[in-house]
Amino acid sequence: MPLPTQDRSARRLALSLLLAGPLLFGLWAVLLGQDGNWDLRNYHWYNAYAFLTGRWGMDVAPAQVASFYNPTLDLPFFLAAQVLPARVVEFLLGSVQGANLVLLYGLAWTVQRPATPERRRALVALGVAVCGMVGGGQVGLLGTTFYDNVISLFVLGGILVAIGGNGAAWDGPNGPAFRRVALAGLLVGSGVGLKQPTIVFAVGTCAAFLAAGGTPWRRLFLAFFFGLGVLAGMAIFSGHWMWFLWSHFQNPLFPYFNNVFHSPWGTPDPYRDDKFIPKGPIAAALFPFAWALDPKLVGEIVFRDYRVLAAYVVLLLTGLMALGRWLRGQFAAEGPMVDTSGPARARRYLLLAGALSYLVWLKLFAIYRYLIPLEMLAPVLILAAVALWPAPARTRGLVTAVLLLVLAATGQSGTWARVPWGDRPFSAKVSEVQAPVLPRPDHTVILMTGYAPTSFLIAGFPAQIPFLRLQSYFIHPDQGDILLNRQMRQRIDQGIANGDDFYLLLAHWETWTMDQILPRYGLKGAGEPCQPVTSTLDEPMMLCRIIPLQPAADRDMNPVN
């Protein structure tokens with residue numbers, strides 16, 4: 001990590017703040033309250049539990065589409081929550097997320113000119129880093145299991161490696177330069193392997209090498225070795241899961257892009273959530289202004305943050321200024337003047353990587369959470385871009401300082417649901433999920449319907465009970481004879497033939513599914529009062545006994561209509 005070397009007091013100050021910073025963010029996470037977000041209840045807890053206990057083949061899509069997500073990123077939280085109090089788990093998670101401060105400091109230090117006095121350089125880097133860490137998106141995610149501000153460690157770390165060494169990737173010998181960018185790609189690719197939407201930064205940071213400067217072959221090889229690193233990182237953290245999905249569902253990204261892979265386990269659809277993507281070039285060009293006015297254009301909660309918008313405007317202005325200087329230079333006798341030093345190319349690479357990553361995000365997702373690394377990076381981009389303006393240094397410094405102060409003061413975080421503190425976030429122990437005692441757990445099947453996130457409750461039931469989700473935003477009996485529907489129908493028929501007990505787990509606001517979904521599988525409510533299933537994370541859910549519509553021998557055994 002770059003630190004002052006000549007000014008000892010500046011070095012001690014920077015080192016102290018960088019060591020204390022992540023811990024302070026850990027404390028901040030505790031003060032915000034215990035995480036109880038929708039995704040945590042839907043799949044972050046269940047996927048880790050299912051992976052560690054081998055429930056694949058027993059349950060069918062209880063976490064809806066997310067049942068098929070790579071569980072690797074969820075394992076540390078799940079394991080920590082088994083042995084540590086909830087506040088300690090939250091503190092540790094918040095401290096890990098707070099480590100982004102260190103990387104942002106390193107990036108802000110690196111983009112400043114080496115001639116800058118060390119004390120000022122360190123203070124500017126610390127101020128920019130803090131501004132990047134107090135954004136409305138980042139603070140809202142602090143201490144939560146969305147992990148967008150954990151994946152950011154891989155993205156920011158990869159960029160820092162790429163532009164570090166005083167521009168060594170562009171000025172240094174080929175061998176060390178290619179190894180440097182391969183390591184940078186490995187970090188970014190590891191983020192992609194752990195969470196697939198990080199692909200927007202992998203594409204942006206790789207493509208930026210092609211335009212950051214240098215000879216065409218040098219640029220091509222930098223992008224090539226960075227890309228190799230990305231593929232290696234993806235293989236390390238998601239290769240096992242992609243192979244699992246391919247082996248079981250004939251689609252390494254199942255269910256996504258099933259319009260390409262045509263797995264018989266799902267419908268031939270892409271399963272992508274594209275509802276936030278702006279329609280048309282004008283809407284796309286004005287999108288940062290639009291979501292500044294209405295944050296629900298990029299997500300489900302209300303928040304306020306102008307960092308990405310400010311970086312968008314500053315980069316556009318910087319590009320126009322650069323174009324103007326280039327055009328004037330073209331017609332001047334001496335030709336255009338462009339700084340071709342390694343550090344200058346590193347700064348250009350940073351700006352290009354941020355801009356290209358944003359454009360890829362805009363095309364693929366337009367979901368703000370997936371842009372959190374860029375929200376954090378935005379103050380660094382502003383610092384690097386304003387430094388290129390044809391203005392006195394004092395003016396550039398004043399513009400940067402005012403912008404960052406305004407951004408820090410105007411951010412307002414939203415909330416993804418916080419719940420009262422318990423002894424642990426939740427646990428596989430029944431003491432944390434209070435489920436009714438079932439008389440025959442070895443001969444019990446629990447069905448699930450509706451859209452509520454209920455899969456986290458599975459850990460509170462006897463481990464031998466299978467859970468089948470008949471209907472959700474992922475699967476529905478109207479999808480016909482896809483293999484997931486066929487598998488569930490066969491298991492229900494077999495259970496009825498064996499005299500198994502059947503129950504339905506659902507939210508009280510989704511009781512309509514009992515009348516509309518269960519008959520499609522030859523089942524109905526038993527007409528008895530449902531029993532509550534309570535937890536530390538949500539209001540009580542309902543467990544209702546269900547019975548066959550008619551004896552198994554008389555049932556229509558045709559596939560689902």
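FYI, side chains are in, hydrogens and waters are out, and symmetry mates aren't considered; it's all heavy atoms of this structure. Computed from a prediction, not measured in an experiment: that's the story for all the values here.
Of all non-hydrogen atoms in Phe303 and Gly136, the two that sit nearest each other are CD1-C, 4.4 Å. Listed here is the closest heavy atom pair of Thr444 and Pro466: O-CD, 3.3 Å. Across His262 and Pro268, no two heavy atoms sit closer than the pair ND1-CB, 3.9 Å. Smallest separation of non-hydrogen atoms from Ser413 and Gly140: CB-N, 3.6 Å.
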Passes salt bridge (Lys or Arg N to Asp or Glu O under 4.0 Å), Asp500 versus Arg440? Steps please. CA-CA 8 Å; Asp500 291 342; Arg440 300 196 307 156; 5.1 Å; no

Go through it in stages, so that I can follow the logic: the residues are Arg418 and Gln34, the test is side-chain contact (heavy atoms from CB on, under 4.5 Å), and I'd like the CA-CA distance, side-chain angles, deciding distance and then a yes or no. CA-CA 5 Å; Arg418 306 279 178 168; Gln34 184 177 334; over 6 Å; no

Going through the distances and angles, do Trp291 and Val308 end up as a side-chain contact (heavy atoms from CB on, under 4.5 Å)? CA-CA 10 Å; Trp291 93 61; Val308 176; 3.8 Å; yes

Just do the side-chain contact (heavy atoms from CB on, under 4.5 Å) check on Phe287 and Val298 with the steps written out, would you? CA-CA 9 Å; Phe287 198 46; Val298 287; 3.5 Å; yes

Give the C-alpha distance, both sets of side-chain angles, the deciding distance and a yes or no for side-chain contact (heavy atoms from CB on, under 4.5 Å) between Phe254 and Tyr271. CA-CA 9 Å; Phe254 187 80; Tyr271 287 95; 5.9 Å; no

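Ion pairing between Arg369 and Asp39 holds under the 4.0 Å rule for side-chain N and carboxylate O. Using a cut-off of 4.0 Å between Lys/Arg side-chain N and Asp/Glu carboxylate O, Lys275 and Asp273 are scored as salt-bridged. Ion pairing between a basic and an acidic side chain is recognised when a charged N comes within 4.0 Å of a carboxylate O; Arg41 and Asp538 show such pairing. With respect to Arg307 and Glu375, no salt bridge is recorded, no charged nitrogen being found less than 4.0 Å from a carboxylate O. For the pair Lys524 and Asp515, the salt-bridge criterion is not met [side-chain N within less than 4.0 Å of a carboxylate O].
Under the side-chain contact (heavy atoms from CB on, under 4.5 Å) test applied with Leu470, the options Val60, Ile475, Leu518 reduce to a single match, Leu518. For the side-chain contact (heavy atoms from CB on, under 4.5 Å) with Tyr46, the qualifying choice from Thr454, Asp74, Leu40, Asp59 is Asp59, the only one to do so. Among the candidates Asp148, Asp305, Asn149, Asn100, the single residue satisfying the side chain to side chain donor-acceptor pair (under 3.5 Å) test with Gln138 is Asn149.
Within 6.0 Å of the CH2 atom in Trp243, the count of heavy atoms belonging to other residues, nucleotides or ligands does not exceed 12. The neighbour count for Phe257 CZ, taken as heavy atoms of other residues, nucleotides or ligands under 6.0 Å away, does not exceed 12.
Taking CG of Leu104 as the reference point, atom CG of Leu377 lies at 7.0 Å (rounded to 0.5 Å). The distance from atom CD1 of Ile492 to atom CG of Leu447, rounded to the nearest 0.5 Å, is 5.0 Å. In this structure, CZ in Phe78 is found 8.5 Å from CG in Leu75, a value given to the nearest 0.5 Å. To the nearest 0.5 Å, atoms CG (Leu245) and OH (Tyr256) are separated by 11.5 Å. For the atom pair CG of Leu31 and CZ of Phe25, the computed distance is 12.5 Å after rounding to the nearest 0.5 Å.
When side chains are defined from C-beta on, Ile496 counts as touching Leu523, because their heavy atoms get closer than 4.5 Å. Side-chain contact between Met448 and Leu468: absent, with no pair of heavy atoms (C-beta onward) separated by less than 4.5 Å.
Between the side chains of Ser455 and Asn42, not a single donor N or O lies within less than 3.5 Å of an accepting N or O. Side-chain polar atoms of Asn258 and Asp269 form no donor-acceptor pair below 3.5 angstrom.
Each disulfide bond (SG atoms under 2.5 Å apart) pair with one or both residues in residues 467-545, not counting sequence neighbours, appears once here: Cys530-Cys544. Sequence neighbours left out, not one pair with a member in residues 476-509 passes disulfide bond (SG atoms under 2.5 Å apart).
Between Phe461 and Phe467, the distance from one ring center to the other falls under 6.0 angstrom. Aromatic ring centres of Phe244 and His248: separated by under 6.0 Å. Between Phe365 and Phe276, the ring center distance fails the sub-6.0 Å criterion.
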